[in-house]
**Student:** 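My questions will all concern the structure given below.
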Amino acid sequence: MGILHDDVVIINQSKNEAEPSVITINCPDKTGLGCDLCRILLFFGLTIVRGDVSTDGKWCYIVFWVIPKPIIKWDTCRWELLKNRLIGTCPSCSSAFGISYYSSELQSSMVTDVFLIKLFCYDRKGLSHDVTAVFSKLELNIKKVKVSTTPVGTVMNLFFVTDTRELLHTKMRQEETYEALVEVMQAAIISCNIEKVGPEVTACSQASPFLSSAITNDVVLRTSNNVSVTMDNSFSPAHTLVQIVCQDHKGLLYDIMRTLKDYNIQISYRRFYLKQGRKCEIDLFITQADGKKIIDPSMQRALSSRLQMELLQPLRVAVVSRGPDTELLVANPVELSSKGRPLVFHDITLALNMLNTCIFLAEIGRHVIGDQEWEVYRVLLDEGTSLSTPRRKIEEGVWKLLMGWEQI
């Protein structure tokens, strides 16, 4: 019994760029599978315009209607790579019959090799974004970064990355990375060195006494998004119905799925539909890990409140003073599995590039804010360019691009 490997994920590419492509996934179920799949789609820059999920607790059937970003060139190779990544996330077919049911989850918890890419180059406008775009295309995940600009116009970039393909230890993969960087940076590159480092280098979670209150306070800014979350136990004899109405944003389904995954909630059926005006309606039939409805009122309030907060403000953005300097702060919650949000630094550098604002220093760290671990991006802006662009414009521009609401 089983299903053919190629039939686990089927992608029907749209012939018209304005029409969505359809991704069908047919595989064994596991708690958090929806989150993991949505994370991959977000990493590949796909917008989910519609989605349907049904499962009996052992086997699930999922359909996503997706549209790629216009700025991303989608060829046959990229669609095939997406298919392979989705297949790799799905549990093996044998898990549906009680064998290695959590094999995929166990694999994701294994320690992944961390590499330091030490890139020394001449500074120029848009440099950081060009480099992060190369890493994104190569499926190199930035875990930590430190960018330092010298007074003589050179930049030392320290990127701590993991390789989705797990090949960065090989000479061929390192040469591929170097050649991709040279192609984009050309004469600006001075030297590039890639070496393996210990995972403890990126283990930087800590308390956050030095973060601005604009990031640490639970204050919702810059949004007119009205989020409605209702729960109903009378509609189904076996499930709690959660109905969500809100405005769409980049990674909306991912934010919902990661929240439910962190609460160890199982989804039996899900319907997602994007209406005119970017208004979204989501219906979720859910149970707790023990297969029972959510009856406890305190649990209902906690889950409802958490979903509302995550959808109102999935990221926090602030531009603050750091002594005489101007600092951009961006923070996003980290999954309990320790995975951060995809492409945040990529989008930050893109927004700053579009705002004609240069980076003087950049760091990524993890901090505990409240009862959650957050990934915090601290970007010290170049004094000359940051003074010419109003802080409010930088803050709103970065926020809107991260949310997918507006091209600057």
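These values consider heavy atoms only, across backbone and side chains, with no hydrogens, waters or symmetry-generated copies.
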**Student:** Under a 4.5 Å cut-off applied to non-hydrogen side-chain atoms, are T287 and T240 in contact?
**Tutor:** no

**Student:** I need the L315 CG to L402 CG distance, nearest 0.5 Å.
**Tutor:**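 Separation between the atoms: 5.5 Å.
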
**Student:** Do L303 and I286 touch side chain to side chain, with heavy atoms closer than 4.5 Å?
**Tutor:** yes

**Student:** How long is the span from the OH atom in Y377 to the CZ atom in R341, to the nearest 0.5 Å?
**Tutor:** 10.0 Å

**Student:** Using modelled atom types and a 3.5 Å cut-off, is there a donor and acceptor pairing between side-chain atoms of S305 and backbone atoms of A302?
**Tutor:** no

**Student:** So, do L46 and L82 sit near enough that their side-chain heavy atoms are less than 4.5 Å apart?
**Tutor:** yes

**Student:** State, to 0.1 Å, how close V147 and S128 come at their nearest heavy-atom pair, and which atoms those are.
**Tutor:**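 Answer, listing the atom of V147 first, then S128: CG1-OG, 4.4 Å.
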
**Student:** Could you please spell out the steps behind the side chain to side chain contact (heavy atoms under 4.5 Å, CB included) verdict for L41 and I23?
**Tutor:** CA-CA 10 Å; L41 298 178; I23 301 174; 3.9 Å; yes

**Student:** With no hydrogens and no angle check, do the side chains of R391 and S321 hold a donor and an acceptor under 3.5 Å apart?
**Tutor:** yes

**Student:** Less than 6.0 angstrom from the centroid, inside 45 degrees of the normal: does K143 satisfy that with respect to the ring of F160?
**Tutor:**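 No, a cation-pi geometry is absent between K143 and F160.
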
**Student:** Under a 4.5 Å cut-off applied to non-hydrogen side-chain atoms, are L260 and M257 in contact?
**Tutor:** yes

**Student:** I'd like to know if K144 and E363 make a salt bridge, using a cut-off of under 4.0 Å between side-chain N and carboxylate O.
**Tutor:**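 No, this pair does not count.
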
**Student:** Side chains of T349 and H129: any donor to acceptor distance under 3.5 Å?
**Tutor:**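 Present: a donor and an acceptor within the cut-off.
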
**Student:** Could you report the tightest heavy-atom contact between C280 and D248, atom names first, then the distance?
**Tutor:**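 Looking at all heavy atoms of both residues, the closest pair is SG-CB, 3.3 Å.
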
**Student:** Quick one: closest heavy-atom pair of G340 and E375, and the distance?
**Tutor:** CA-OE1, 3.6 Å

**Student:** When you check the side-chain N and O atoms of H169 and D163, is any donor under 3.5 Å from an acceptor?
**Tutor:** no

**Student:** Taking all heavy atoms of L138 and all of T177, pick out the closest pair and write down the distance.
**Tutor:** CD1-CA, 3.8 Å

**Student:** If only side-chain N and O atoms count, and only distance matters, is there a donor-acceptor pair under 3.5 Å linking D232 with S234?
**Tutor:** yes

**Student:** Are the side chains of T154 and C121 in touch, meaning some heavy atoms are under 4.5 Å apart?
**Tutor:**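 Of all side-chain heavy-atom pairs linking C121 with T154, none is under 4.5 Å.
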
**Student:** Would you confirm whether T259, through its side chain, and D255, through its main-chain N or O, come within 3.5 Å as a donor-acceptor pair?
**Tutor:** yes

**Student:** Please answer whether the main-chain N or O of I294 pairs with a side-chain N or O of N233 as donor and acceptor at a distance below 3.5 Å.
**Tutor:**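 Judged by distance alone, yes, a pair lies under 3.5 Å.
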
**Student:** Check whether the ring centres of F159 and F135 lie less than 6.0 Å apart, and answer yes or no.
**Tutor:**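 Aromatic pair counts; centres sit under 6.0 Å.
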
**Student:** Would you indicate whether the side-chain heavy atoms of F64 and I25 approach each other to under 4.5 Å?
**Tutor:**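 Yes; the side chains approach each other to less than 4.5 Å.
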
**Student:** Give a yes or no answer on whether the side chain of T149 reaches the backbone of F360 with a donor-acceptor pair at less than 3.5 Å.
**Tutor:**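 The answer is yes, because a donor-acceptor pair under 3.5 Å joins these two groups.
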
**Student:** When you compare the side chains of D52 and W65, does any donor N or O come within less than 3.5 Å of an acceptor on the partner?
**Tutor:**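 Result is no, nothing qualifies.
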
**Student:** Under the criterion side chain to side chain contact (heavy atoms under 4.5 Å, CB included), I'd like the reasoning laid out for V330 against V344: C-alpha separation, chi angles, the key distance, then a yes or no.
**Tutor:** CA-CA 9 Å; V330 178; V344 174; 4.1 Å; yes

**Student:** Would you indicate whether the side-chain heavy atoms of L37 and L86 approach each other to under 4.5 Å?
**Tutor:** yes

**Student:** Nearest heavy-atom pair of H346 and A133: which atoms, and what distance?
**Tutor:**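 H346 and A133 have their closest heavy atoms at CD2-CA, 3.8 Å.
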
**Student:** Mind running side chain to side chain contact (heavy atoms under 4.5 Å, CB included) on Y254 and E335 for me, showing each step along the way?
**Tutor:** CA-CA 11 Å; Y254 167 71; E335 297 176 32; 2.7 Å; yes

**Student:** To the nearest 0.5 Å, what is the distance between CD (Q266) and OG1 (T31)?
**Tutor:** 4.0 Å

**Student:** Hey, are E183 and Y178 close enough side-chain-wise for a donor-acceptor pair under 3.5 Å?
**Tutor:**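 Note: Y178 and E183 side chains miss the donor-acceptor criterion.
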
**Student:** So, E195 and N193: side-chain donor and acceptor under 3.5 Å apart, yes or no?
**Tutor:**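 Yes - a donor-acceptor pair under 3.5 Å links their side chains.
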
**Student:** Taking atom CZ of R173 and atom CG of L140, what is their separation to the nearest 0.5 Å?
**Tutor:** 5.0 Å

**Student:** Go through the steps for Y263 and R306 under the test side chain to side chain contact (heavy atoms under 4.5 Å, CB included), then give the verdict.
**Tutor:** CA-CA 10 Å; Y263 272 79; R306 180 69 172 271; 3.7 Å; yes

**Student:** Quick one: does any side-chain atom of S14 pair with a main-chain N or O of E19 as donor and acceptor, under 3.5 Å?
**Tutor:** yes

**Student:** Do S268 and H239 pair up side chain to side chain, a donor and an acceptor below 3.5 Å, judged on atom types alone?
**Tutor:**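 Their side chains do contain a donor-acceptor pair, which is all the 3.5 Å distance test asks for.
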
**Student:** Are the side chains of E176 and T170 in contact, using a 4.5 Å heavy-atom criterion?
**Tutor:** no

**Student:** Is the number of heavy atoms from other residues, nucleotides or ligands within 6.0 Å of NZ (K125) greater than 12?
**Tutor:**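 Correct, the count exceeds 12.
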
**Student:** Would you tell me whether T164 and N141 have side-chain atoms, one donor and one acceptor, within less than 3.5 Å of each other?
**Tutor:**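 Per modelled atom types, T164 and N141 side chains form a pair under 3.5 Å.
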
**Student:** In terms of heavy-atom contacts, does CD of E166 have more than 12 from other residues, nucleotides or ligands at under 6.0 Å?
**Tutor:** no

**Student:** Is there a donor-acceptor pair under 3.5 Å between the side chain of Q174 and the backbone N or O of L168?
**Tutor:** yes

**Student:** With rounding to the nearest 0.5 angstrom, report the CD to OH distance, E281 to Y273.
**Tutor:**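 The CD atom of E281 sits 9.5 Å away from the OH atom of Y273.
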
**Student:** Measuring from L352:CG to L328:CG, what's the distance to the nearest 0.5 Å?
**Tutor:**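 L352 CG to L328 CG: 6.0 Å, rounded to 0.5 Å.
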
**Student:** Would you say E395's side chain and V319's backbone share a donor-acceptor pair under 3.5 angstrom?
**Tutor:**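 Here the side-chain-to-backbone pair exists.
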
**Student:** Using the side-chain contact (heavy atoms from CB on, under 4.5 Å) definition, which of the options V63, L33, I62 pairs with V53?
**Tutor:** I62

**Student:** Determine yes or no for a side-chain-to-main-chain donor-acceptor pair under 3.5 angstrom, with N26 supplying the side chain and V8 the backbone.
**Tutor:**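 Such a contact is absent between N26 side chain and V8 backbone.
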
**Student:** Step by step, work out the side-chain hydrogen bond (donor to acceptor under 3.5 Å, both in side chains) result for T89 and D36.
**Tutor:** CA-CA 7 Å; T89 298; D36 298 340; over 6 Å; no

**Student:** Please tell me whether S338 and R366 have a donor and an acceptor in their side chains that are separated by less than 3.5 angstrom.
**Tutor:** yes

**Student:** Do Q288 side-chain atoms and K293 backbone N/O form a donor-acceptor pair below 3.5 Å?
**Tutor:**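 Such a contact is found between Q288 side chain and K293 backbone.
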
**Student:** Does a donor on one side chain sit under 3.5 Å from an acceptor on the other, for K118 and N157?
**Tutor:** no

**Student:** Going by the side-chain contact (heavy atoms from CB on, under 4.5 Å) test, name the single residue among L284, I282, D283, I244 that passes it with F272.
**Tutor:**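 Between F272 and the candidates, side-chain contact (heavy atoms from CB on, under 4.5 Å) is satisfied uniquely by I282.
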
**Student:** Keeping T357 on the side-chain end and N353 on the backbone end, is there a donor-acceptor pair under 3.5 Å?
**Tutor:**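 No; judged by distance alone, with no hydrogens or angles, the pair does not exist.
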
**Student:** Closest approach of I40 and R85, non-hydrogen atoms and distance?
**Tutor:** CD1-O, 3.4 Å

